[in-house]
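A short write-up of the structure that comes next.
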Amino acid sequence: MDVTLSKMPCNKMKISIVTATFNSGKTILRTLDSILSQSYNNIECIFIDNESSDDTVSIIHDKLKGYIDYKVISEKDSGISEAFSKGIQYSTGEIIGILNSDDVYYGSTSLERVVRAFGEKDIDFVHGDMIFEDESYGSDIRRPLLCPLIYAMPYNHPTFFVRKKIYDEIGTFKFDYRYAMDFELICRMYSDCVTPKFNGSYIKGEPLVRMFSGGASWKHELKSINEVERALKEHGFWSIRAMWNQFNRRMRIRIKNLMEVTGISIPVKIWRRYKWR
């Protein structure tokens with residue numbers, strides 16, 4: 001195990017940023033640069049590395065040592081869910097956010113805006129908009145759908161910041177969810193498919209995160225939907241309407257996959273503009 005901690009004192013509310021890495025050498029630098037560019041400086045970074053064979057870990061050390069609090073835990077894990085959960089357990093901040101190893105904070109004030117939102121109200125989580133970068137179908141700003149769970153994920157998980165005490169209360173990510181672990185966690189945060197158990201706040205305006213396509217849930221969309229269905233059933237939110245919605249989602253993905261094979265992309269672009277307008 002490789003554990004590194006660099007101390008920098010600060011008396012403001014601390015944010016812990018959890019990042020899972022595995023052979024992320026080609027993308028991790030832009031992630032680190034976006035963290036170092038933040039105007040808010042009371043943060044720690046927790047990197048859970050699945051024994052990368054490239055230069056991921058050395059890049060993290062070279063970039064962050066002496067500039068920011070950080071830990072690198074490099075050991076074998078069973079997947080992203082275990083990595084995220086382990087990162088949360090190592091975190092010492094009052095607020096926890098998750099940033100993928102190929103994503104970036106959109107602007108230098110992203111974390112400052114998050115802390116300000118927590119300070120203005122007695123809330124348990126905050127979330128906001130993100131820019132989704134997709135070379136195949138075009139990029140767009142994605143605002144949270146804020147819909148009942150039976151329709152889709154209500155929040156943009158890359159922009160989702162939670163007080164650590166909530167994880168202490170409901171638990172972290174379940175290891176047997178490989179693609180929709182974030183959706184299953186949100187199910188536990190709801191009293192029914194419409195009403196959250198905890199108080200949240202939506203940060204409007206400039207996006208918080210720039211997310212790049214190609215993550216596990218995007219590569220395995222049908223498997224992700226299967227896990228969404230399992231989570232809805234597990235938490236008592238399954239219904240005829242939920243079944244119909246999941247059927248429609250599967251059909252849209254199959255149609256999209258067929259269009260990719262035939263080289264037709266315009267209908268997908270139009271649909272995405274309609275969905276995220």
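Among Tyr155, Phe161, Tyr167, the one residue that satisfies the ring pair (Phe, Tyr, Trp, His ring centres under 6.0 Å) test with Phe125 is Tyr155.
Under 3.5 Å, the side chains of Asn226 and Arg250 contain a donor-acceptor pair of N or O atoms. Looking at Lys14 and Thr92, their side chains do bring a donor and an acceptor atom within 3.5 Å of each other. For the residue pair Asp49/Ser74, the side-chain donor-acceptor check at 3.5 Å is satisfied. For the residue pair Tyr190/His235, the side-chain donor-acceptor check at 3.5 Å is not satisfied.
Annotation: ring pair (Phe, Tyr, Trp, His ring centres under 6.0 Å) contacts of Tyr151 (sequence neighbours excluded): none. In this structure, Tyr106 has no ring pair (Phe, Tyr, Trp, His ring centres under 6.0 Å) partners at least two apart in sequence or on a different chain.
Annotation: cation-pi pair Arg230/Tyr177 present, NZ/CZ under 6.0 Å from the ring centroid and within 45° of its normal.
More than 12 heavy-atom neighbours from other residues, nucleotides or ligands sit within 6.0 angstrom of NZ on Lys197. In Lys233, the NZ atom is crowded: over 12 heavy atoms of neighbouring residues, nucleotides or ligands sit closer than 6.0 Å.
Inter-residue side-chain proximity for Ile46 and Ile17 is flagged as unmet; no heavy-atom pair is nearer than 4.5 Å.
Cluster membership check: Phe47 shares its hydrophobic cluster with Tyr67, using side-chain heavy-atom separations under 4.5 Å among Ile, Leu, Val, Met, Phe, Trp and Tyr.
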